[in-house]
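To start, the structure itself, in structure tokens.
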Amino acid sequence: MKNQVQKQNNKAPNKENVNNTKQEKLKEISSLMHREAYSGPIPHYELMQGYAKIDPTFPDRIFKLTEDNLNHQYAHEKSMDRLQF
């Protein structure tokens with residue numbers, strides 16, 4: 001009986017098992033490499049929700065800060081446009 005078990009364990013892996021193992025590894029690697037990108041003047045809404053969990057006033061404060069910065073940038077650009085003419 002022991003010899004039979006040992007013989008079964010010493011068999012070469014079949015192609016199906018090897019392919020399944022490779023596919024599982026590829027899935028694991030691809031899930032580790034997932035990446036999202038977002039670009040904008042305010043954080044992505046999911047990040048805003050996270051900030052709101054920390055402090056409910058954070059999203060409003062972030063919006064206010066963004067608005068102030070954009071207004072300053074627009075004013076600066078406007079003054080630079082005047083200087084160029």
Side-chain angles (χ1 to χ4, degrees):
M1 190 63 133
K2 276 186 179 181
N3 290 339
Q4 287 177 348
V5 171
Q6 287 177 349
K7 285 180 185 178
Q8 287 176 352
N9 289 339
N10 290 334
K11 287 183 183 178
N14 63 29
K15 286 185 179 181
E16 187 175 309
N17 286 343
V18 171
N19 287 339
N20 286 342
T21 303
K22 285 181 182 179
Q23 287 175 350
E24 289 171 6
K25 286 181 181 179
L26 286 174
K27 284 180 186 178
E28 182 180 343
I29 290 170
S30 67
S31 68
L32 292 174
M33 294 176 67
H34 177 80
R35 178 180 166 204
E36 289 184 26
Y38 173 80
S39 176
I42 57 172
H44 190 269
Y45 73 93
E46 290 177 349
L47 288 174
M48 289 294 255
Q49 289 174 342
Y51 289 133
K53 287 179 183 178
I54 296 169
D55 184 334
T57 65
F58 279 177
D60 290 332
R61 292 165 59 187
I62 291 169
F63 277 116
K64 176 71 172 131
L65 179 63
T66 303
E67 289 171 352
D68 291 346
N69 284 336
L70 287 174
N71 288 334
H72 174 74
Q73 181 180 346
Y74 295 149
H76 179 66
E77 288 174 1
K78 198 178 227 183
S79 67
M80 294 305 289
D81 287 343
R82 284 188 207 138
L83 292 174
Q84 287 180 358
F85 288 118

Would you please name every residue forming a side-chain contact (heavy atoms from CB on, under 4.5 Å) with H72, sequence neighbours left out? none

Does L65 belong to the same Ile/Leu/Val/Met/Phe/Trp/Tyr cluster as F58, with side-chain heavy atoms less than 4.5 Å apart forming each link? no

Is it the case that one hydrophobic cluster holds both L47 and I62, taking links as side-chain heavy atoms less than 4.5 Å apart, direct or via other members? yes

For Y74, all residues meeting ring pair (Phe, Tyr, Trp, His ring centres under 6.0 Å), sequence neighbours excluded: none

Charged N to carboxylate O below 4.0 Å: is that the case for D60 and K64? no

Qualifying side chain to side chain donor-acceptor pair (under 3.5 Å) pairs with a residue from residues 38-55, counting only residues at least two apart or across chains: D55-T57

Could you state the interatomic distance from CD (Q73) to OG1 (T66), rounded to the nearest 0.5 Å? 11.5 Å

